[in-house]
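Worksheet for the structure shown next.
Because the structure is predicted, anything quoted here is derived from the model rather than measured.
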Amino acid sequence: MQDPNADTQWNDVLRAKGIIPPKETEISEDQIVSMVEQTIEDKTKARDLRDMNLDELNENEDDIDEDEERIFEAYRKQRLQEIRAAQKNAIFGDVREISRDEYVTEVNQAGEDIWVVLLVYKQSIPLCKLIEQYFYDLARKFPAAKFLKSISSVCIPNYPDKNLPTVFVYQNGELKKQFVGPLVFRGMKLTKDDLEWMLSETGAIVTDLEEKPRQDVHDVMTSSIRTTVAGDGDESD
């Protein structure tokens, strides 16, 4: 029997008359590979997953089926492996004190893709001391990031004490984020995990914390009461 897919004039006539079905479209090897990759990508939502941090992966965990659960877990492991790999490639691991003259070379010219986290502080302010202590712990945990500190009067002349502590986050000479003053840190209630999470949201470090540290309920209520009382006092004036 003659192959109906063969390229012959007779088969062309038969196809034109509707006697045999149209010739099957040939698919190249590259097209097959592309189709398979697209199918896998659609199934695993790979593009979305690559853009997710650990917290976002956890938030989306309830929306997946059993097959995708394995993929999510693989991505979590991959993220943790990236953290460990970054630590192996560490070149810092400590907190260095810098002067005003060193600011440009140590911060703005730190190196390509190097994250710099700078604490501007004053030794007499308790919250500054607390964050300085956390800096040493985080510098050891995330040695791929460059942790620096500088006394405010040395680093930035006439810098107001009310803005202390201040944390600047730089990459490639560009200021990515700044945290200014005690309120943004929740004062002395700041924990090391709080600070780690804040820095992770800037991109300076890749945290292994799976969710944002929760503020103590009592702290929230106390803060709310203080705000209300302050508001009532303003109205009475």
Side-chain angles (χ1 to χ4, degrees), residues 51 53-56 79 82-83 85-209 211-215 219 223:
D51 295 333
N53 56 34
L54 292 175
D55 189 42
E56 291 170 330
R79 292 300 174 87
E82 290 172 355
I83 295 172
Q87 291 175 345
K88 290 181 180 179
N89 296 328
I91 55 178
F92 302 111
D94 201 358
V95 182
R96 184 169 181 270
E97 183 93 34
I98 65 169
S99 65
R100 183 182 181 185
D101 294 336
E102 296 173 300
Y103 197 100
V104 173
T105 56
E106 294 294 332
V107 178
N108 298 89
Q109 300 175 356
E112 184 177 359
D113 295 332
I114 296 296
W115 285 94
V116 179
V117 186
L118 171 65
L119 168 65
V120 179
Y121 73 107
K122 191 173 185 178
Q123 293 176 329
S124 60
I125 298 178
L127 182 56
C128 289
K129 289 185 177 180
L130 180 65
I131 293 180
E132 181 184 10
Q133 175 186 334
Y134 292 159
F135 257 47
Y136 280 100
D137 293 337
L138 294 176
R140 287 190 290 269
K141 184 176 181 179
F142 303 102
K146 188 176 187 180
F147 284 82
L148 303 172
K149 63 177 182 175
S150 185
I151 297 175
S152 59
S153 58
V154 173
C155 180
I156 310 174
N158 302 317
Y159 194 66
D161 286 356
K162 68 178 182 179
N163 290 347
L164 299 176
T166 294
V167 172
F168 294 118
V169 180
Y170 281 83
Q171 187 192 42
N172 296 326
E174 179 182 350
L175 179 63
K176 298 293 187 179
K177 184 70 177 179
Q178 56 185 351
F179 302 98
V180 181
L183 291 181
V184 72
F185 295 106
R186 289 203 306 127
M188 294 298 290
K189 295 182 176 65
L190 178 76
T191 67
K192 184 172 64 177
D193 284 351
D194 289 333
L195 183 58
E196 178 176 332
W197 188 266
M198 292 168 68
L199 295 179
S200 73
E201 290 187 315
T202 71
I205 59 177
V206 180
T207 181
D208 54 2
L209 298 175
E211 62 180 10
K212 181 178 180 179
R214 295 183 178 179
Q215 185 176 347
D219 292 345
S223 176

- request: Report the C-alpha separation of Met198 and Val167 in whole Å, then their side-chain angles, then the decisive distance to 0.1 Å, and conclude whether the side-chain contact (heavy atoms from CB on, under 4.5 Å) test is met.
  value: CA-CA 11 Å; Met198 292 168 68; Val167 172; over 6 Å; no
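A distance of 7.0 Å separates CG in Leu119 from CD in Glu132, rounded to the nearest 0.5 Å. Atoms OH and CG, on Tyr103 and Leu148 in that order, are 9.5 Å from each other to the nearest 0.5 Å.
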Show the atom names and distances, to 0.1 Å, of all donor-acceptor pairs under 3.5 Å that link a side chain in residues 104-117 to residues at least two apart or in another chain.
{"unit_1": "Thr105", "atom_1": "OG1", "unit_2": "Glu102", "atom_2": "O", "d": "3.1"}
{"unit_1": "Glu106", "atom_1": "OE1", "unit_2": "Lys146", "atom_2": "NZ", "d": "2.7"}
{"unit_1": "Glu106", "atom_1": "OE2", "unit_2": "Arg96", "atom_2": "NH1", "d": "3.2"}
{"unit_1": "Asp113", "atom_1": "OD1", "unit_2": "Asn172", "atom_2": "ND2", "d": "3.3"}
{"unit_1": "Trp115", "atom_1": "NE1", "unit_2": "Gly203", "atom_2": "O", "d": "3.3"}

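Counting all heavy atoms, side chain and backbone alike, Lys162 lies closest to Pro182 at O-CD, 3.6 Å. Across all their heavy atoms, Leu199 and Val169 have their closest contact at CD2-CG2, 4.1 Å. When all heavy atoms of Pro213 and Leu209 are compared, the pair lying nearest together is CG-CD1, 4.5 Å. Closest non-hydrogen pair, Lys122 versus Leu164, comes out as CB-CD1, 3.7 Å. The two atoms that bring Ala145 and Ala204 nearest to each other are CB-O, 3.9 Å, heavy atoms only.
Residues satisfying the side-chain contact (heavy atoms from CB on, under 4.5 Å) criterion with Asp94, sequence neighbours excluded, are Tyr136. By the salt bridge (Lys or Arg N to Asp or Glu O under 4.0 Å) test, Lys192 pairs with Asp137, sequence neighbours left out. With sequence neighbours left out, the side-chain hydrogen bond (donor to acceptor under 3.5 Å, both in side chains) criterion links Gln133 to no other residue. Every side-chain hydrogen bond (donor to acceptor under 3.5 Å, both in side chains) that Glu196 has, sequence neighbours left out, goes to Lys141, Thr207. When the salt bridge (Lys or Arg N to Asp or Glu O under 4.0 Å) test is applied to Glu97, the partners found at least two apart in sequence or on another chain are Lys149. The side-chain contact (heavy atoms from CB on, under 4.5 Å) check on Val180 picks up Tyr159, Asn163, Thr166, Gln178, with sequence neighbours excluded. Contacts of Lys177 classified as salt bridge (Lys or Arg N to Asp or Glu O under 4.0 Å), with partners at least two apart in sequence or in another chain: none. Residues passing the side-chain hydrogen bond (donor to acceptor under 3.5 Å, both in side chains) test with Ser150: none are found, sequence neighbours excluded.
Applying the ring-ring contact (aromatic ring centres under 6.0 Å, His included) definition to pairs two or more places apart or across chains, none involves residues 170-192.
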